[in-house]
Amino acid sequence: MRGALPGPRTEAWKYTPLRALERRAFASAEAVPASFDSAAIAGIPAPRIVFHNGRFDAARSDLSGLPAGVSLLPLSQVLATDDAREANFLARRFERADEIFARLNAALADEGAVLRVDAGVQAPGTVHLVFVGSPNAGDLAWHLRHLIELREGASLSVVEHQIATDIHNHLSNSLTHVHLAPNATLSHARVQDEALGATVFARTDAVLARGARYRRIDLELGAALARHELNAALHGEGAQVQANGVLLASGRRHLDTRLGIDHVGRDTQCELVWRGLGAGRSRAAFHGGILIREGADGSNASLSNKNLLLSEGAEIDTQPVLEIHADEVQAAHGATVGQLDANALFYLRSRGLPVETARALLTAAFCRETLTVIEDDSARAMLEVRLNLALERLQLT
């Protein structure tokens with residue numbers, strides 16, 4: 001990868017260190033890997049599709065209970081049909097110089113999840129997309145391409161799980177297309193809890209038609225270096241996106257999130273609530289970009305990014321950006337970086353709580369408000385368990 005990656009002078013990659021990555025070599029994850037301990041996914045119910053080290057794992061997948069009108073296939077099976085229409089999302093091209101990982105994905109991806117919901121289907125329950133990394137003889141790289149498509153009036157709940165069974169140093173590069181037809185509703189959670197040495201690049205491009213609703217949360221809990229780009233284009237009148245997230249950085253972990261919300265249609269809405277924690281000698285970076293185009297009158301946009309520094313060696317960079325080219329809009333953004341409230345900490349300690357317990361309670365409450373974006377009780381409870389476990393690990397750093 002030497003010489004091919006953007007450096008700090010490229011604005012979009014200013015806070016993402018890639019120099020060490022340029023010096024590394026990865027093998028392509030081509031063969032189906034050996035199985036892994038099922039305990040790693042024991043708490044993830046069906047229907048689920050599982051990918052192990054970048055390859056579809058039919059033995060661990062379980063599509064029983066998939067609702068009528070919902071189709072879930074690995075991309076490799078879709079490509080085998082030779083029906084170009086079924087994989088037309090792969091025709092997307094990426095021309096900007098800073099889209100290096102999207103171009104790599106476009107050139108190399110031959111696997112992923114293809115999830116489609118027919119018009120009018122109100123799918124019950126939750127569909128789970130599971131991505132497991134496990135140790136290998138060498139460092140692997142995989143490039144996954146996903147599609148989540150809801151046709152008119154459909155609704156669905158999806159949870160992505162990116163987890164590790166043990167320590168590894170693999171590279172994961174994924175690109176997800178989200179297409180929401182008029183009046184479609186998608187609830188989408190993503191939990192990134194990869195191995196301490198892993199490198200994760202993820203990008204989500206969502207397009208919303210008239211009246212579509214997209215509710216989403218990202219929990220960035222693991223990996224050595226992780227970067228996620230979330231782009232949402234609100235094309236249709238009245239389209240709405242609510243995207244929350246948590247960046248939980250500890251040790252020497254580097255987490256980077258970039259939001260790009262594009263208001264194109266009239267009366268569109270976005271509400272973004274992100275929380276960051278920095279401990280040890282970690283670094284977290286957040287860019288929240290909102291663009292309200294000419295003609296997108298009546299748009300309503302808000303961004304809140306609050307961050308806590310839990311150690312002197314941690315660093316958090318936040319950059320809210322609001323660009324308005326329309327009239328009669330409501331827009332607000334705010335970002336803060338600080339420490340735990342001394343008064344709240346004193347209050348809890350005065351009630352007999354040890355300082356470690358008091359700090360843990362305050363940091364947990366700080367993060368949990370983001371979970372309200374998920375309406376399904378079972379999905380939200382699962383996310384809370386994963387967040388709590390990560391917060392417990394944070395207290396040990």
Side-chain angles (χ1 to χ4, degrees), residues 12 14-16 159-160 162 176 178 187-193 200-206 214-223 225-232 234 240-250 253-263 269-279 282-291 300-310 314-323 331-341 362-375 380 383-384 386-388 390-391 394:
K14 181 178 180 181
Y15 296 108
T16 308
V159 177
E160 291 184 48
Q162 190 162 3
T176 302
V178 175
S187 176
H188 187 179
R190 172 178 164 270
V191 181
Q192 186 278 109
D193 199 5
V200 175
F201 293 100
R203 172 169 167 169
T204 304
D205 289 348
Y214 188 23
R215 301 170 66 88
R216 179 186 179 104
I217 185 168
D218 288 88
L219 300 182
E220 298 284 356
L221 310 177
L225 170 63
R227 174 184 167 108
H228 181 222
E229 300 177 33
L230 172 58
N231 305 305
L234 310 181
Q240 302 177 28
V241 61
Q242 185 177 358
N244 293 1
V246 175
L247 302 176
L248 205 164
S250 60
R253 178 173 291 126
H254 185 107
L255 302 178
D256 191 350
T257 289
R258 292 185 65 88
L259 307 183
I261 311 301
D262 190 356
H263 291 258
Q269 298 182 36
C270 78
E271 183 178 352
L272 315 171
V273 178
W274 286 73
R275 299 291 179 258
L277 295 177
S282 65
R283 186 174 185 182
F286 175 83
H287 173 92
I290 300 174
L291 170 63
N300 189 336
S302 67
L303 165 65
S304 170
N305 176 228
K306 297 180 181 180
N307 303 276
L308 290 179
L309 288 170
L310 302 179
E315 179 178 343
I316 296 178
D317 301 286
T318 179
Q319 184 182 37
V321 177
L322 180 58
E323 187 177 346
H333 63 74
T336 61
V337 179
Q339 298 177 327
L340 286 173
D341 188 315
L362 290 176
T363 54
F366 179 76
C367 296
R368 283 180 186 143
E369 69 170 296
T370 61
L371 299 178
T372 58
V373 72
I374 301 299
E375 295 177 335
R380 188 170 59 251
L383 296 174
E384 186 169 0
R386 299 299 294 273
L387 179 58
N388 288 342
L391 288 169
L394 180 71

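- Under a cutoff of 6.0 Å and an axis angle of 45°, R227 and F201 do not form a cation-pi pair.
- Salt bridge status for E220 with R190: present, with a side-chain N to carboxylate O gap under 4.0 Å.
- Side chains of I217 and T370 form a contact here, defined as non-hydrogen atoms less than 4.5 Å apart.
- How far NE2 of H333 is from OG of S304: 12.0 Å, rounded to the nearest 0.5 Å.
- Considering only heavy atoms from C-beta on, E229 stays 4.5 Å or farther from T204 through its side chain.
- Taking 4.5 Å as the limit, some side-chain heavy atom of I374 sits within range of a side-chain heavy atom of L383.
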(request) Take E315 and R283 through the test salt bridge (charged side-chain N to carboxylate O under 4.0 Å, His left out) and record every step on the way to the result. (result) CA-CA 5 Å; E315 179 178 343; R283 186 174 185 182; 3.3 Å; yes
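- Shown here for A314 and L309, the closest heavy-atom pair between the two residues is O-CD2, 3.7 Å.
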(request) Evaluate the side chain to side chain contact (heavy atoms under 4.5 Å, CB included) criterion for residues V337 and F286: first the C-alpha distance (whole Å), next the side-chain angles of each, then the deciding distance (0.1 Å), finally the verdict. (result) CA-CA 11 Å; V337 179; F286 175 83; over 6 Å; no
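- In this structure, L230 and T257 have side chains that are not in contact, with every pair of non-hydrogen atoms separated by 4.5 Å or more.
- In this structure, the side chain of H254 engages the main chain of Y15 through a donor-acceptor pair within 3.5 Å.
- The two residues V373 and R216 come nearest to each other via the heavy atoms CG1-O, 3.6 Å.
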(request) List the steps and the verdict of side chain to side chain contact (heavy atoms under 4.5 Å, CB included) for R368 and E384. (result) CA-CA 7 Å; R368 283 180 186 143; E384 186 169 0; 3.5 Å; yes
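- A distance-only check finds no donor-acceptor pair linking the side chain of W274 to the backbone of G288 [under 3.5 Å].
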(request) Show the numbers, then the answer: is there a side chain to side chain contact (heavy atoms under 4.5 Å, CB included) between L272 and I261? (result) CA-CA 10 Å; L272 315 171; I261 311 301; 3.9 Å; yes
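- Checking side-chain atoms of R253 against main-chain N and O of A223 turns up a donor-acceptor pair under 3.5 Å.
- Within the 3.5 Å criterion, the main-chain N or O of L277 finds no donor-acceptor partner in the side chain of N307.
- Residues V200 and L225 have side chains not in contact (no heavy-atom distance under 4.5 Å, counting atoms from C-beta outward).
- Using a 4.5 Å cut-off on side-chain heavy atoms (C-beta onward), L387 and C367 make contact.
- Closest heavy-atom contact between L255 and G222: CD2-O, 3.6 Å.
- Contact of the N231 side chain with the D262 side chain is not registered, since no non-hydrogen atoms from C-beta on lie closer than 4.5 Å.
- Distance check: L247 CG to T318 OG1 gives 9.5 Å after rounding to the nearest 0.5 Å.
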(request) Might you work through the salt bridge (charged side-chain N to carboxylate O under 4.0 Å, His left out) test for D256 and R258, ending with a clear yes or no? (result) CA-CA 7 Å; D256 191 350; R258 292 185 65 88; 5.8 Å; no
(message) For R275 and E369: C-alpha separation, side-chain torsions, deciding distance, then whether salt bridge (charged side-chain N to carboxylate O under 4.0 Å, His left out) applies.
(response) CA-CA 9 Å; R275 299 291 179 258; E369 69 170 296; 3.2 Å; yes
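- Taking 4.5 Å as the limit, every side-chain heavy atom of E271 sits out of range of all side-chain heavy atoms of Q240.
- Donor-acceptor pairing under 3.5 Å is lacking for the side chains of H263 and Q269.
- Distance check: T336 OG1 to N305 CG gives 7.0 Å after rounding to the nearest 0.5 Å.
- Q192 and Q162 are not linked by any side-chain donor-acceptor pair at a separation below 3.5 angstrom, with hydrogens and angles left out of the test.
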(request) Go through R215 and H188 one step at a time and tell me if the side chain to side chain contact (heavy atoms under 4.5 Å, CB included) criterion holds. (result) CA-CA 6 Å; R215 301 170 66 88; H188 187 179; over 6 Å; no
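- One distance of note links OG of S250 with CG of L310; it measures 10.0 Å at 0.5 Å rounding.
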